[in-house]
Amino acid sequence: MVKKVLITGAAGLCGSIVSNGLIKLGYKISSCDIKTSPSPAAKALKIPLSKKIKKIDLRKINKVLKITKGIDAVIHFGGIPRHKPHEDVYKNIIDHNIVGTYNVFEACRINKIKRIIFASSAHIMGYHNRKKKLDENSAFRPDSHYAVSKCFGESLSRLYSDKYNIKILNIRIGSALPKPTDMRFLSTWISFRDLVHLVDVGLKSKKLYCSSVYGISKNKRAWWNNKEAYRLGYKPKDNAEKFSKDKLTKNEFKDKIALKLHGGVFTTDGFVGNIANILKNN
Ligand SMILES: NC(=O)c1ccc[n+]([C@@H]2O[C@H](COP(=O)([O-])OP(=O)(O)OC[C@H]3O[C@@H](n4cnc5c(N)ncnc54)[C@H](O)[C@@H]3O)[C@@H](O)[C@H]2O)c1
């Protein structure tokens, strides 16, 4: 049974929400982050930090090995949470997301940790046609270097579950926010309580081997079929539709290409591709 849980990226938005939520559910939480003050996203939403956060840089394998000793499960949120301008790709995405994630999985193998929850992203599906409903088996179609780093994490998950017998849940988070503020989020939103519940399912489910699920609430306008999450025991309480009458921004609506694809504006940032070919090959 999972009792002692390490959360990476614990000073971040999702890390703080999930740490606080899991403590209430009775888990013993260890928290780490490269910084001990709230991330810009957590600060903007005034999310309280959970408990004492240990300063650990995931790029340093020795530190990750130390902090994962005696832990039952790791929830891996630490990393760069979004697409960044191209000049930052090598410095940020490769170091923090690819090397950092590799170090977390390797430390879990060496320290015989039985479960990992990996914060993936729905942007790994970015270049799929929005008219198509996707599920857990849809092919990767990443829309950014950031999304490629999440594909790398999901590939590590397959290797570490098959070869090293670690149970792994990849949560392809849509938009974790207090409530939807843009039209897009009516499809992609996950409420904080549903996120905590989905992580709890990942820590407890006896049916888990290695699964990828979508981190969304039970949204009426969802673009993703989340049957794998339901099979594992996910029972979301929230639906973005109750905010559909709110004054929502329409950030994607100026961008005709973004509106055709799952990844929205991530797909058109720096885009010199051919939308007709993308849709023909979808
Ligand atoms: N919030 C969302 O809607 C959303 C959507 C899709 C995916 N995700 C994923 O969930 C995770 C958490 O996202 P968030 O929104 O909470 O972002 P966030 O920026 O608030 O939190 C990320 C945390 O990771 C830490 N971090 C970065 N590099 C690190 C390193 N080398 N070592 C240790 N810690 C490091 C940061 O300091 C930060 O506190 C990310 O991996 C992100 O890609 C989030």
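Position 1 is the first residue of the sequence; numbering continues from there. Remember, it's 1-based here, ligands and their atoms both numbered in the order they're listed. Remember, it's a predicted structure, so these values are computed and weren't measured experimentally.
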Non-neighbouring partners of Tyr214 that pass ring-ring contact (aromatic ring centres under 6.0 Å, His included), sequence neighbours left out
Trp224
With Phe243, which residues qualify under ring-ring contact (aromatic ring centres under 6.0 Å, His included), at least two apart?
Trp189
Looking only at protein heavy atoms, which one is nearest to [atom], and how far off is it?
| atom | answer |
| --- | --- |
| atom 19 (O) of ligand 1 | Pro81 CG, 3.2 Å |
| atom 1 (N) of ligand 1 | Cys14 SG, 3.6 Å |
| atom 40 (C) of ligand 1 | Phe77 O, 3.3 Å |
| atom 29 (C) of ligand 1 | His96 ND1, 3.7 Å |
| atom 10 (O) of ligand 1 | Ala119 CB, 3.4 Å |
| atom 18 (P) of ligand 1 | Ser39 OG, 3.7 Å |

Taking 4.0 angstrom as the limit and counting only heavy atoms of [X], give me the atoms of ligand 1 inside it, by number and element.
| X | result |
| --- | --- |
| Ala41 | 20 (O) |
| Ser175 | 3 (O) |
| Asp57 | 30 (C), 31 (N), 32 (N) |
| Gly12 | 16 (O), 18 (P), 20 (O), 21 (O), 39 (O) |
| Ser120 | 6 (C), 7 (C) |
| Ile56 | 32 (N), 33 (C) |
| Leu58 | 30 (C), 31 (N), 32 (N), 33 (C) |
| Tyr146 | 6 (C), 7 (C), 8 (N), 42 (C), 43 (O) |

Consider ligand 1: state whether an atom of it lies below 4.0 angstrom from any non-hydrogen atom of [X].
| X | result |
| --- | --- |
| Thr8 | no |
| Pro38 | no |
| Gly174 | yes |
| Arg82 | no |
| Ala11 | yes |

Shortest reach to atom 34 (N) of ligand 1 by a heavy atom, considering only Asp95, Ile47, Ile34
Ile34
Is it the case that the side chains of Ser217 and Asp238 hold a donor-acceptor pair, with the cut-off being a distance below 3.5 Å and no angle test?
no
Any donor-acceptor N or O pair under 3.5 Å, side chains Lys132, Asn282:
yes
For [X] against [Y], the heavy-atom pair lying closest together:
| X | Y | answer |
| --- | --- | --- |
| Ile34 | Arg59 | CD1-NH2, 3.7 Å |
| Asn170 | Cys210 | ND2-SG, 4.5 Å |
| Leu49 | Ser16 | CD2-OG, 3.8 Å |

Check: His197 ring centre within less than 6.0 Å of Tyr234 ring centre
yes
Does the N or O separation between [X] and ligand 1 drop below 3.5 Å for any pair?
| X | value |
| --- | --- |
| Gly79 | yes |
| Ala176 | yes |
| Gly78 | no |

Between Phe266 and His123, how do the two ring planes meet: parallel, tilted or perpendicular, split at 30° and 60°?
parallel
Hey, are the side chains of Arg231 and Lys207 touching, using non-hydrogen atoms and a 4.5 Å cut-off?
yes
So Ile171 and Val213, do their side chains get closer than 4.5 Å, heavy atoms only?
yes
